[in-house]
Enquirer: 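Sending over a structure as structure tokens; questions will come in a sec.
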Number of protein chains: 2
Amino acid sequence: MMKNLPHKTIERLSQYRRALLICLEKGQTHIYSHEIAKIQHITAVQVRRDLMLIGYTGTLRKGYNVKDLIDLIGNIIDSTEGINVAILGMGNLGRALINYFAGKRSQLKIVAGFDINPDKIGNTMSGVPCYSSEDMNRIIKEKNIKVGIMTVPADFANATADQLVKAGIRGILNYTPKPVNVPDNVYLEEYDMITSLEKVAFFVKINDE
Amino acid sequence: MMKNLPHKTIERLSQYRRALLICLEKGQTHIYSHEIAKIQHITAVQVRRDLMLIGYTGTLRKGYNVKDLIDLIGNIIDSTEGINVAILGMGNLGRALINYFAGKRSQLKIVAGFDINPDKIGNTMSGVPCYSSEDMNRIIKEKNIKVGIMTVPADFANATADQLVKAGIRGILNYTPKPVNVPDNVYLEEYDMITSLEKVAFFVKINDE
DNA sequence: ATAACAATGTTAATAAATTAACATAAAAAT
DNA sequence: ATTTTTATGTTAATTTATTAACATTGTTAT
Ligand SMILES: NC(=O)c1ccc[n+]([C@@H]2O[C@H](COP(=O)([O-])OP(=O)(O)OC[C@H]3O[C@@H](n4cnc5c(N)ncnc54)[C@H](O)[C@@H]3O)[C@@H](O)[C@H]2O)c1
Ligand SMILES: NC(=O)c1ccc[n+]([C@@H]2O[C@H](COP(=O)([O-])OP(=O)(O)OC[C@H]3O[C@@H](n4cnc5c(N)ncnc54)[C@H](O)[C@@H]3O)[C@@H](O)[C@H]2O)c1
């Protein structure tokens, strides 16, 4: 069920929820499709279409119930039992991420970090214990870690991905600038900030011409 | 010229170049479309199509000249005079980014950071001077800064974006989880790591079912 | 009461992105 | 020499994503 949602819809659902949570905090109970659209810089039709795909029905003229919609999105994209996550490489970026995620989403719990620096191993960072990369296999199995976020130096990207795969990881989010190879049964998402910046720079240039 | 390149092609060109630079370092002079494809987890046809769009012609049976292709991609996506970039908010993520970009792309130069913390203002970080946010308008104009990377706390996202726009910024890369509004003539790119992680988690869950 | 309005939900149309098909040609094998 | 192989470049087909069109229906205004 809900297996055939477009990839882009999944991304947007996550974004909608993020915005909706802010609305909820402010005490807003209902929201119109065009309000969500404005926040996300997309069209209201797009929002309604996405919500149609997940079978959510709002109230005519009143819009969508913020809380209900948050819950439904959760039902669709979250796993009921939650998902345990590990950070590979507790350097600048790893630390920034741990900090950012801390207490953000109960469904996605960062339960372990890994590093090779003896000064870091054994310590905790914002409540996340740092283990030796040598123990990766054991810890990942023990803690039932399903997803790994890679923030190791680029030169260690491939080796780390291999280790993760061997330990039975199910998904990898790779922030290393080095693309890695994983088998088909492991979901891989790669992101590089330079690409985003170069894209912005390109369109700035184009707009100038 | 080259204004009508698909957005996705722009992203991939940036990625191709990243991979090609690694090849160049290793001394590799030529590369096949299927090799590039393998690295990027896409098809060879996709690669050839992208290269066709930018008018690059390889050598039959020898593939593409690594150096030439890097140069051509540079001609397409880089601005001839380079683009000056500022970081807004020199916290965990800002520092990580400065560190990462340092000396990576000569075309994209981080020439200033801004913060409101008096302990940071006046110092430099990996060679990037930190200014007071109050001086944003002046510095951006003086240094001809075209693009801003936002890494301020979410609550300051909108105010910072407004300041940037007022100072005449042309593009914004927003790493804040709060979407911001900018006029049409400012190119905006937003990215949130939670969305990426939730997407990975979703497909991990789906694959389990 | 009735008309105008403003929202949702859905189908149809369009646009963007990817993939398939294939023509071409140099290199390698026979 | 000829055939086979293996690569590029391009057009056509398909798939995916977005947008437009519109039917529907409470709500507000007249
Ligand atoms: N800093 C950024 O903003 C940024 C942005 C995008 C991508 N990246 C990439 O993310 C990665 C990390 O960046 P960073 O700035 O955090 O670097 P960093 O050097 O601060 O951190 C890397 C950490 O990984 C650890 N490490 C090294 N080898 C390891 C191994 N085999 N297993 C586990 N841990 C290991 C190091 O001890 C260190 O703590 C790099 O590949 C970088 O290119 C960084
Ligand atoms: N840390 C992450 O991995 C991560 C990931 C994604 C997004 N983010 C987002 O990026 C932002 C920064 O994250 P962080 O971990 O670096 O936070 P941080 O608190 O470490 O850094 C924020 C910095 O911004 C400065 N600041 C505050 N108000 C400012 C203003 N008005 N103008 C200029 N500077 C100002 C602060 O002094 C501080 O130095 C947050 O919005 C966070 O949600 C962080």
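For clarity, every value in this text was computed on a predicted model and none was experimentally measured.
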Enquirer: Applying side chain to side chain contact (heavy atoms under 4.5 Å, CB included), name anything that partners Lys199(B), two or more places apart in sequence or on another chain.
Expert: His7(A), Ile10(A), Glu11(A), Tyr187(A), Glu189(A), Phe203(B)

Enquirer: Taking salt bridge (Lys or Arg N to Asp or Glu O under 4.0 Å) as the test, write out the residues that go with Asp68(B), two or more places apart.
Expert: none

Enquirer: Would you mind listing every ring-ring contact (aromatic ring centres under 6.0 Å, His included) that reaches into residues 55-96 of chain A, with sequence neighbours excluded?
Expert: Tyr56(A)-Tyr64(A)

Enquirer: Rounded to the nearest Å, what distance is computed from the NZ atom of residue Lys62(B) to the P atom of nucleotide dA25(C)?
Expert: 19 Å

Enquirer: Are the side chains of Leu108(A) and Glu198(B) in contact, using a 4.5 Å heavy-atom criterion?
Expert: yes

Enquirer: With sequence neighbours excluded, what pairs up with Thr43(A) under the side chain to side chain contact (heavy atoms under 4.5 Å, CB included) test?
Expert: Val45(A), Gln46(A)

Enquirer: Measure from the side chain of Met52(A), starting at C-beta and using heavy atoms only, and say which of dT10(C), dT8(D), dT5(D) lies closest.
Expert: dT10(C)

Enquirer: If the condition is side chain to side chain contact (heavy atoms under 4.5 Å, CB included), which residues does Lys104(B) pass it with, not counting sequence neighbours?
Expert: Ile194(A), Tyr100(B)

Enquirer: Do nucleotides 13-24 of chain C as a string where each nucleotide becomes B, S or -: B if the base has a protein heavy atom under 4.0 Å, S if just the sugar-phosphate does, - if no protein is that close.
Expert: ----SSBB----

Enquirer: With sequence neighbours left out, write down each residue that passes ring pair (Phe, Tyr, Trp, His ring centres under 6.0 Å) with Tyr131(B), or none if nothing qualifies.
Expert: Phe114(B)

Enquirer: Does dG9(D) have OP1 or OP2 under 4.0 Å away from a side-chain N or O of Thr57(B)?
Expert: yes

Enquirer: Where along residues 181-198 of chain A does a heavy atom come under 4.0 Å from DNA chain C, residue by residue in number order?
Expert: none

Enquirer: With sequence neighbours left out, what residues match Ala19(B) under side chain to side chain contact (heavy atoms under 4.5 Å, CB included)?
Expert: Ile39(B), Gln40(B)

